[in-house]
Amino acid sequence: MENKRYGHFDDQHREYVITDPRTPWPWINYLGNEDFFSLISNTAGGYSFYKDAKFRRITRYRYNNVPMDNGGRYFYVKDGDTVWNPGWKPMKTPLDFYECRHGMGYTRITGRKNGVEASVLFFVPLKTWAEVQKLTLTNQSEEVKTLKLFSFEEWCLWNAATDMENFQRNFSTGEVEIEGSTIYHKTEYRERRNHYAFYHVNTEIQGFDTDRETFVGLYNEFSNPDAVMEGRPRNSHAHGWSPIASHYIEVTLQPGESKDYVFLLGYVENPQEEKFVAPQVINKQRAHAIIEKLDTTEKVDMAFAQLQDYWDRLLDIYNVRTGNDKLDRMVNIWNQYQCMVTFNFSRSASFFESGVGRGMGFRDSNQDLVGFVHQIPPRARERIIDIASTQFPDGGCYHQYQPLTKRGNNDIGGGFNDDPCWLIFGTVAYIKETGDFSILDEMVPFDNQPGSEVTLFEHLKVSMNHVINNLGPHLLPLIGRADWNDCLNLNCFSWDPNESFQTTENKSEGTKAESLMIAGLFVVTGKEYVALCQKLSENSGKSGLYSKEAERMQAAIDAMIAAVKKDGWDGEWYLRAYDYFGRKIGSNECEEAKIFIESQGWCTMAEIGAEEGMVGKALDSCKKYLECEHGMVLNNPAFTKYVYEYGEISSYPEGYKENAGIFCHNNPWVIIGECIAGRGNDAWSHYAKILPSYVEEKYQTLHKVEPYVNCQMVAGKDAAKPGEGKNSWLTGTAAWMWLTVSQYILGIKPQYDGLQIDPCLPETAKDYTIQRRFRDAEYTITIHPNGSQKGVKQVVVDGQPIEGNTIPYSAGKHTVEVTM
Ligand code: BGC
């Protein structure tokens, strides 16, 4: 397949520049940092919401649409008989110039047609419940231009799920108010909603529309709306049906002249007592206040500068110079940016996650925060408490919670037995980054029940206990509904296409289904837990208590290691699981799927059987059986038929998703395993295969999805189109890629007492320098690999050689030289 290019990186501006609107799939960006969020594609498609993509959807989006990515924030420019959009869609009028720049929290889309340029900067200012759309119109021609400008947004009736299904009600509830240049959307405000949205422009308008059918015309489309094509707004007032917001502005531009318009899409909540100013008339005070903050170009430019500043500071925390642009841009810009996005949205809202299906995952969010904790630790802290609050007293937990209510739910199933361990993973990462042990003393409820509070430390303890209390016949962890691999449903047995594998039967009676992935995860997080207990006993003097706990857990870890060595090893690799009946999964004895990646990753990270050579053999087997041109597949050989004892995994065609797809999320587990084993060449070659900037260079067309971020899954070697990506943006891959490169490859690891330096590099690595802000210190660390893959010979801090390879933490600026 020919590799057509649709864009390129602009590292200096931290942007990806798309130069052809016909990307193989919408290439999107995220706007907003907290509370108010938008998704925006390279043609300005997408939608906005407040906190929760399901319960507070502000604008409407259509999934499964033809053509795809229809609907968004559109500006129509009518210049004589020519109508065009700066983002090409929906008119698709050929443009003289098109460019979309996706940056850190903003997107700028520019189009030019017949001597007129329209450039729109989209962003959500810090601490603001609104999306700014700053449109600049410039007359680049020699003649006076008289233009007709129409804006367009379509309101969602708040609940994105019922908005798509409950039409018998929806078509009668829509309500709007129009005041000057502001259109207010107030559907359901008359009853239980205390919130409304608005769409404003900072100029006088010559007309408007708020009823979709009137604006578009019954048999028309977004690509030929009546009002626009005729250049005549209808001043329609929506009553029910589908309310929209469209401003109409007449613009005259002298040759060379340029005009700015600030459009604002905002969201407001009112206290119950202040909802109305007159019967049926909403209180607009808070909307006015937002508008007032952003009603001039100067104010908007200032807000934009603040946003850029904010990103400058965030991305300054960890910054590397290796001389390899492809690596540096991922580490310094895009990987960290994607970590922020996954932290914000977990798996809820992308162009593959509808925002109505999934909320914040227990395991997902714990992993996401590991990629984010260095950026804004207080937000990670809050997240840990939120997550732990949805846990049950026995350590089990809801698999997800809703961001708006922070309450757990079983909408996508429960009883995943790996879930509890991830709380340790997340919490330990937070403490190591911040040194803030006080989080462990926070009182945190179970299942959000007031009165049930115990310390967060107690939550960690019940998490570990949950594994210990749920062991199977081989003394390995029972898998529950599934482990990390949601699709390995060993207690499910479904022949009914009308039931979901995730929520249907989970036969726990009599099950022998055990997971080697959880076994490895337990050993890795267990070691962390033991180290934490030891640290606490040093810190608190309550040494008796914590050191006993450390001993208790160490015994459990030792037992687990012994169980894996005894019943979890297949000769060349670790088994994956035992099924309900106690039969091996992921064994040479199996007909298909003889080897799986997850247990290789976790058991090598746990170094189980390293002395006996198991780790090295397992890593070699990954190379031999799982690796292909685009990364490592999840299992091999792929399932060619449905195995009902295994559940959803074998429901996928070969090479896709959990059936031998390249699940990018778990490649880093093996890569970290390689790093721990000191095999830097192998680690790097696996890493580079799924590093977006390397893929970008080779496969933009084939890869299909955004080349600046990782996607969850790339079609594996058994698929029809190996290398094709899917499910971009919201994936644990972001955090794991970050952990891999920042801590294991480049080798800067936060520890309780300081920064440990332990890189694992390819032999070809050159000297590199990392700027790392860590608590109140700032380190400039230069590493001299000298052709070595692993092993630090000497660390010199501010001119003084130190013992070992951990720089003891002390505030202030430090220069560090590391020789390998
Ligand atoms: C989910 C993860 C899960 C993975 C593998 C992802 O879609 O978000 O929680 O571990 O799939 O099944």
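For ligands, and for the atoms within them, numbers begin at 1 and follow the listed sequence.
- In summary, R363 and D418 engage in a salt bridge, as defined by a charged side-chain N under 4.0 Å from a carboxylate O.
- Taking E433 as the reference, R772 meet the salt bridge (charged side-chain N to carboxylate O under 4.0 Å, His left out) condition, with sequence neighbours excluded.
- In this structure, E629 has no salt bridge (charged side-chain N to carboxylate O under 4.0 Å, His left out) partners at least two apart in sequence or on a different chain.
- Between D483 and R576, at least one side-chain N (NZ, or NE/NH1/NH2) sits under 4.0 Å from a carboxylate O, which counts as a salt bridge.
- The protein residues lying under 4.0 angstrom from ligand 1, judged by non-hydrogen atoms, are R347, R358, R363, D364, W484, N485, D486, E658, F663, Q712.
- Residues meeting the side chain to side chain contact (heavy atoms under 4.5 Å, CB included) test with P377, sequence neighbours left out: Y430, T434.
- The pair D52-R56 does not count as a salt bridge, with every side-chain nitrogen at least 4.0 angstrom from each carboxylate oxygen.
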